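These notes are about the structure you will find just below.
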Amino acid sequence: MDINISSTFLPATDPDASLAFYRDALGFEIRNDVGRGTMRWITVGPAGQKDVSIVLHPPAVDPGITEDERRTITEMMAKGTYATIVLSSPNVDAAFAKVEATGADVVQEPIDQPYGIRDCAFRDPAGNTVRINQQP
């Protein structure tokens with residue numbers, strides 16, 4: 001069996017701010033931008049990986065979600081506990097410096113973890129956790 005990751009979805013409460021973070025801070029390219037206002041879906045991805053994308057989408061717009069669930073999602077996003085994406089870089093310290101220089105919300109500076117990786121973390125404009133691991 002040959003299965004690859006094509007897309008993953010992250011909520012974005014402010015599409016323009018999220019686009020600026022993923023494009024300007026992380027250097028991702030824009031693949032698609034549809035809709036307008038709070039009903040806007042933006043697809044971004046690493047320039048060298050055309051087959052992998054992140055879709056930044058309006059949170060809790062599924063018609064099957066209740067108002068209580070919408071409130072819970074909003075609360076979790078505000079705390080940074082709703083969604084996470086883990087990226088990798090050959091040099092996590094250089095990646096950290098570049099992202100930090102854009103004014104991104106730092107959650108964790110680069111550190112050697114006890115489980116064998118070096119990583120750092122940021123919070124994107126919607127509150128999603130963005131971790132960057134050092135490639136072995």
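Predicted, not measured: the structure shown is a model, and the values here were computed from it.
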Fill in: Side chains of Gln113 and Asp119, donor plus acceptor under 3.5 Å
yes
Worksheet item: Just by distance, do the side chain of Asn128 and the backbone of Pro11 share a donor-acceptor pair under 3.5 Å?
Response: yes
Discussion item. In the structure I gave you, are the side-chain heavy atoms of Glu109 and Cys120 within less than 4.5 Å of one another anywhere?
Written reply: no
Worksheet item: Would you find a donor on one side and an acceptor on the other, under 3.5 Å apart, between the side chain of Gln108 and the backbone of Ala121?
Response: no
Practice prompt. Apply side-chain contact (heavy atoms from CB on, under 4.5 Å) to the pair Arg131 and Leu87, showing each step before the final yes or no.
Written response: CA-CA 6 Å; Arg131 297 196 76 78; Leu87 308 173; over 6 Å; no
Fill in: Donor-acceptor under 3.5 Å (Ser18 side chain, Pro15 main chain)
no
Worksheet item: Rounded to the nearest 0.5 Å, how far does CG of Asp112 lie from CD of Gln134?
Response: 8.5 Å
Practice prompt. Say whether Phe9 and Val44 are linked into one hydrophobic cluster, either directly or through other cluster members, by side-chain heavy-atom distances under 4.5 angstrom.
Written response: no
Discussion item. Check whether Arg31 reaches the backbone of Val52 with its side chain - one donor and one acceptor, N or O, closer than 3.5 Å.
Written reply: yes
Worksheet item: Does the pair Phe96 and Phe122 meet the rule for a ring pair (Phe, Tyr, Trp, His ring centres under 6.0 Å), with working shown?
Response: CA-CA 9 Å; Phe96 175 84; Phe122 296 91; 5.3 Å; yes
Worksheet item: Is there a donor-acceptor pair closer than 3.5 Å between any side-chain N or O of Glu29 and the backbone N or O of Gly45?
Response: no
Worksheet item: Taking all atoms of both residues into account, what is the closest heavy-atom pair of Ile132 and Val99, and its distance?
Response: CD1-CG2, 4.5 Å
Fill in: Spacing of CD1 belonging to Ile54 relative to OG1 belonging to Thr43, to within rounding of 0.5 Å
10.0 Å
Item to complete: Would you give the length of the straight line joining atom OG1 of Thr129 to atom CG of Leu10, rounded to the nearest 0.5 angstrom?
Response: 10.0 Å
Worksheet item: Between CZ of Arg118 and CG of Asp93, what distance do you get to the nearest 0.5 Å?
Response: 4.0 Å
Item to complete: Could you check if a side-chain atom of Arg40 sits within less than 4.5 angstrom of a side-chain atom of Pro58, using non-hydrogen atoms only?
Response: no
Item to complete: Evaluate the side-chain proximity of Val55 to Ile42: yes if any heavy-atom separation is below 4.5 Å, no if none is.
Response: no
Fill in: Among Asp14, Leu26, Asp105, Val130, side-chain contact (heavy atoms from CB on, under 4.5 Å) partner for Asp124
Val130
Discussion item. Do Val106 and Val92 sit in one hydrophobic cluster, given that two such residues count as connected whenever their side-chain heavy atoms are within less than 4.5 Å of each other, even indirectly?
Written reply: yes
Response to the item:
With sequence neighbours left out, the residues meeting salt bridge (charged side-chain N to carboxylate O under 4.0 Å, His left out) with Arg70 are Glu67
Item to complete: Mind listing the closest non-hydrogen atom pair of Ile73 and Ala60 along with its distance?
Response: CD1-CB, 4.0 Å
Discussion item. Within this structure, what is the NZ-CG distance for the pair Lys98 and Asn91, rounded to the nearest 0.5 Å?
Written reply: 13.0 Å
Response to the item:
The salt bridge (charged side-chain N to carboxylate O under 4.0 Å, His left out) partners of Asp51 (sequence neighbours excluded) come to none
Practice prompt. Quick one: which residue pairs count as a side chain to side chain donor-acceptor pair (under 3.5 Å) with a foot in residues 72-82, not counting sequence neighbours?
Written response: none
Fill in: Residue pair Thr13, Met77: steps toward the side-chain contact (heavy atoms from CB on, under 4.5 Å) verdict
CA-CA 9 Å; Thr13 52; Met77 287 176 64; 3.5 Å; yes
Fill in: Test log, rule side-chain contact (heavy atoms from CB on, under 4.5 Å), inputs Leu56 and Trp41
CA-CA 6 Å; Leu56 305 169; Trp41 283 257; over 6 Å; no
Fill in: Intermediate values then yes/no, side-chain contact (heavy atoms from CB on, under 4.5 Å), Leu19 and Ile30
CA-CA 8 Å; Leu19 174 59; Ile30 302 167; 3.6 Å; yes
